[in-house]
Amino acid sequence: MTSQPERHSQPARRAVLGTALGGAAAAALPGTARAEEPMSSSGAAGRPWKLRDTMTTDGAWARFLNDQDLLWSRLPTLWYEGPFLGDGQLGSMIYQEPGANQIRFTVQHGRVQDHRPEFGSGWGTCRLPVGHLTLEPAGTITAVDWRLSLWNAELTGTVTTTAGTLTLAALIHDEVLAVRVKAAGGERATWTFHPAEAISPRKISEAPPAGYTANPAWTTRTTTDGTEQVLQPLTGGGQTATAHRRTGDDLLLSVGHSHPSGTAAEADSLRNLRRAKSYSTLRRRHTDWWHAFYRKSFVSFPDQRLQSFHWIQLYKVASASRAGGPVMATSGPWLEPTPWPAVWWNLNVQLEYWLIHGFNHPELDSLATTLRQNQEQLIANVPAAYRADSSGVGRSSDMFANRGVGRPGTGAETGDLTWALHNVWLSYRHSMDRSLLRDTIYPVLRRAINYYLHFLTPGSDGKLHLPSTLSPEYPVVPPQDTNYDLALIRWGCQTLLDSAELLGIEDELAPRWQEVLARLTPYPVDANGFMIGADTPYAQSHRHYSHLLMVYPLYLVNWDQPENRDLITRSLVHWHALTGAHRGYSYTGAASMYAMSGDGDTAITYLRKFFDPTTRYPCRANTHYTEAGPVIETPLSASQSLHDMFCQSWGGVIRVFPAVPTAWADLTLHNFRTEGAFLVSAVRKAGATRFIRVRSLAGEPLKLRHGLTGQLTAVLDDGTPARTHDLGDGTFAIDLPRGREVLVHTGSRPDLSIAPVAVSEPGPAWGLP
């Protein structure tokens, strides 16, 4: 075994720190900057400018998103073939009732869980099923013609039977499932609600643990206005209540869940129905929300199948998560039989949330709110001896992060909270919301790193070493110095130092963090690249890339360090050379790593493996994904892989079109959110970048790797030249005050239109067209 020396030069570290701090550190890298000067080209400055956004009307958005919709010309028979609806809490999937001439509308809710932690996250605090509706036609179903409209977040279409036709529309908003069905000919619409047994979906793979007792049976009641309710009490306390009411062609259904109260859910479900009133009333509020939602950003590229997939993922994540709501479980709000009916913290939850940043939707971040709201539980998760100053979370938990974490030295998986905090750090960096840093990241990360510090010990080499910990899911536990944890410790200590400086905190632990950065053992490497840990090579096919976190998504070892490029390449090639265990996110992770290197053609080659039906676990017909059960993170991470091809912002530098595949000659980005709280708009035509517009939301230092060739013009929105600093390597620092915009281009001022690009790679719609 050999070891990887530290590769962070002091000037590079200062540059990243300065960007994170957002203060006076806008200075260029030493030895690379030219004198500060306004930048302009002949005749280009002096004229105010404005983007011509063609996507400002309902009609333009409806036309564009109509081309991305999912379509069905035959009845889906499986959950991963059918339409799906959600509002971040309540979720429904629509497909044929197994073995019956009926259509199933599943009814599941992200807050519905058991409350018996003594039986673990798989059984005691797992997500619990609610039930499903069946639409039962009079005749035999012969055909369907359905569309899941992204623009309206609504399923519409017809069901043709031997007796006539059913015309349906369905949506979910404000925790109410609303369905309107109109019958024609000899048809009629009959609805039945089927409560599910309140038992863990994990029953498909194992028997309940010793001592487990079933939850009580449900009861039913009918209120004076004809609303039917199913009441499900829970042995561990609390209640789930499902209320539904049919009025004419409309059916409205809502689910409430309460704990420890055994009655509040009953009132909540009725209140939701009263607030909804009717399908039409709910639909107006629903479409208003979604139409405003989509307008926050725009992207268009010429591969129709992938472009549609990308927009479906935005619809999907907004259907599955809202800030303040439950953190996404592995299946989101669409619970099906699964061995994973909980929140998984060792990769799944992290991948679920990456795409919200570039899409400019911080309002979907339920992960950050979950960690903020459950800090006491994170403390209780560590062994009692360490609760005075430490926090953690085990591999899987309920929505309240209730899961103990083991100790280093026992082969336990200990780094998952720190990795989840990197996601919250990304939320901070994309918003520059100091309260998020002060109230969540700093206090929780301080305790998460403290837990590690209790176990770091000096070796005979003078370096600090970590006793045995698990690299998530790898079958061999290193005797010490697992790369997963070493990367997270380095990232965590540096982030705490940066955060303390920004917040003006003189932390007594700062010298210790500095010592750890100076003395922590280098990453174990061998001839094939990064190892799993000390004396433990990467020698078995492995779906996780936990041993490569320092490369992605932490970027501690990155392509801007030429001395590390060979190591990165060897590690990535060797990871994928050992086949057999790879899954969908193995391909999306590789795509993002190759995108970091600027190799868009290799990146898209790996990404397409996720969509290849000959692989063992490809993307499914409705863009969902399943292994032994539903797992929502992989398709969402595929969208982040596309983001990494379009625009990256790590190490304090925004990189525009860094890894666009050669075949995609045209590409439009608008209001793509980056670290530093910038909104980037850019247009690529005929294989060349035409312009870049950057808007500053927070006044952070702007460093732009533009990819343009020729004499650059950088002009502020009032037409005055921007002050710039050439940092070399195609990167410029640009003085951009908060609330202002800068336009960067070469030659004469280009057409500043934001518009969809023409499709050059046609493809079928998703669904069952």
Side-chain angles (χ1 to χ4, degrees), residues 1-8 13 345-346 378-379 381-395 404-422 443-472 474-498 500 507-526 530-538 546-550 554 556-557:
M1 180 189 80
T2 59
S3 294
Q4 166 65 18
E6 284 303 285
R7 299 295 191 182
H8 303 291
R13 198 197 73 76
W345 294 91
N346 64 352
L378 297 172
I379 294 170
N381 288 341
V382 300
Y386 305 100
R387 289 175 189 163
D389 62 7
S390 300
S391 294
V393 68
R395 175 179 294 184
V405 60
R407 295 197 313 272
T410 66
E413 185 175 288
T414 55
D416 297 346
L417 175 58
T418 305
W419 191 8
L421 285 163
H422 178 257
V444 181
L445 183 60
R446 188 179 189 272
R447 297 183 67 96
I449 292 300
N450 263 354
Y451 190 52
Y452 277 126
L453 299 186
H454 286 293
F455 302 96
L456 287 176
T457 55
S460 58
D461 58 358
K463 299 291 186 180
L464 295 174
H465 295 269
L466 185 71
S468 64
T469 55
L470 180 70
S471 187
Y474 196 74
V476 180
V477 179
Q480 64 177 8
D481 300 334
T482 299
N483 266 330
Y484 175 70
D485 297 283
L486 295 183
L488 290 168
I489 291 169
R490 282 195 171 89
W491 173 80
C493 286
Q494 187 60 64
T495 300
L496 286 168
L497 288 167
D498 295 350
D507 200 305
E508 62 184 5
L509 288 175
R512 176 64 168 150
W513 302 330
Q514 292 167 339
E515 178 197 12
V516 170
L517 289 174
R519 296 183 58 199
L520 188 64
T521 188
Y523 302 117
V525 304
D526 62 13
F530 287 106
M531 304 167 69
I532 298 297
D535 300 319
T536 310
Y538 173 69
S546 49
H547 65 300
L548 300 178
L549 285 198
M550 72 291 290
L554 302 181
L556 299 175
V557 178

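Numbers here simply count residues along the sequence, with the first being 1.
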(request) Start with the C-alpha distance between Asp481 and Leu486, add both sets of side-chain angles, then the distance that settles side-chain contact (heavy atoms from CB on, under 4.5 Å), and finish with yes or no. (result) CA-CA 7 Å; Asp481 300 334; Leu486 295 183; 4.0 Å; yes
(message) List the residues meeting ring-ring contact (aromatic ring centres under 6.0 Å, His included) with His465, not counting sequence neighbours, and say none if there are none.
(response) none
(message) To the closest 0.5 Å, what do you measure between OG1 (Thr469) and CZ (Phe455)?
(response) 11.0 Å
(message) My understanding is that only one of Thr418, Ile379, Leu421 makes a side chain to side chain contact (heavy atoms under 4.5 Å, CB included) with Val444; could you say which?
(response) Leu421
(request) Kindly say whether the aromatic ring centers of Tyr474 and His547 come within a distance under 6.0 Å. (result) no
(message) I need the minimum non-hydrogen distance between Pro478 and Ser468, along with the two atoms involved.
(response) O-CB, 3.1 Å
(request) Carefully, step by step, assess Leu496 and Asp507 under the rule side-chain contact (heavy atoms from CB on, under 4.5 Å). (result) CA-CA 9 Å; Leu496 286 168; Asp507 200 305; over 6 Å; no
(request) Please round to the nearest 0.5 Å and tell me the distance separating atom OG1 of Thr521 and atom CD of Gln480. (result) 7.5 Å
(request) For the residue pair Phe530 and Tyr523, categorise the inter-ring angle as parallel (less than 30°), tilted (30 to 60°) or perpendicular (more than 60°). (result) perpendicular
(request) List for me each residue that meets side-chain contact (heavy atoms from CB on, under 4.5 Å) alongside Arg395, sequence neighbours excluded, and say none if there are none. (result) Trp344, Asn346, Glu413, Asp416, Leu470, Glu473
(request) Sequence neighbours left out, what pairs pass salt bridge (charged side-chain N to carboxylate O under 4.0 Å, His left out) with at least one residue falling in residues 449-460? (result) none
(request) For side-chain contact (heavy atoms from CB on, under 4.5 Å), just list the numbers for Arg446 and Leu509, CA-CA rounded to whole Å, side-chain angles, deciding distance to a tenth of an Å, and then say yes or no. (result) CA-CA 9 Å; Arg446 188 179 189 272; Leu509 288 175; 3.4 Å; yes
(message) More than 12 heavy atoms of other residues, nucleotides or ligands under 6.0 Å from CZ of Arg407: yes or no?
(response) no
(request) Look at the side chain of Asn483 and the backbone N and O of Pro524, then say whether any donor-acceptor pair between them is shorter than 3.5 Å. (result) yes
(request) With rounding to the nearest 0.5 Å, note down the distance linking CD in Gln494 to CG in Leu517. (result) 5.5 Å
(message) Could you report the tightest heavy-atom contact between Tyr451 and Val405, atom names first, then the distance?
(response) OH-O, 3.9 Å
(request) Mind listing the closest non-hydrogen atom pair of Ala534 and Pro479 along with its distance? (result) O-CD, 3.0 Å
(request) State whether the side chain of Arg387 and the backbone N or O of Val382 hold a donor-acceptor pair below 3.5 Å, judged by distance alone. (result) yes
(message) Is any side-chain heavy atom of Leu453 closer than 4.5 Å to one of Arg512?
(response) yes
(message) If you define the side chain from C-beta out and look only at heavy atoms, does anything of Leu549 sit under 4.5 Å from Tyr484?
(response) yes
(request) Take Tyr386 and His454 through the test ring pair (Phe, Tyr, Trp, His ring centres under 6.0 Å) and record every step on the way to the result. (result) CA-CA 8 Å; Tyr386 305 100; His454 286 293; 5.1 Å; yes
(request) Looking only at non-hydrogen atoms, find the nearest pair between Gly492 and Ile449 and report the distance. (result) CA-CD1, 3.8 Å
(request) To the nearest 0.5 Å, tell me how far Ile489 CD1 sits from Leu466 CG. (result) 5.0 Å
(request) Identify the two heavy atoms, one from Ser471 and one from Ile532, that lie closest to each other, and give their separation to 0.1 Å. (result) CB-CG2, 3.6 Å
(message) Do Thr414 and Asp485 pair up side chain to side chain, a donor and an acceptor below 3.5 Å, judged on atom types alone?
(response) yes
(message) Using every non-hydrogen atom in the two residues, find where Leu464 and Glu515 come nearest and quote the distance to one decimal.
(response) CD1-O, 4.4 Å
(message) What's the separation between atom CG in Leu488 and atom NE2 in His422, rounded to the nearest 0.5 Å?
(response) 9.0 Å
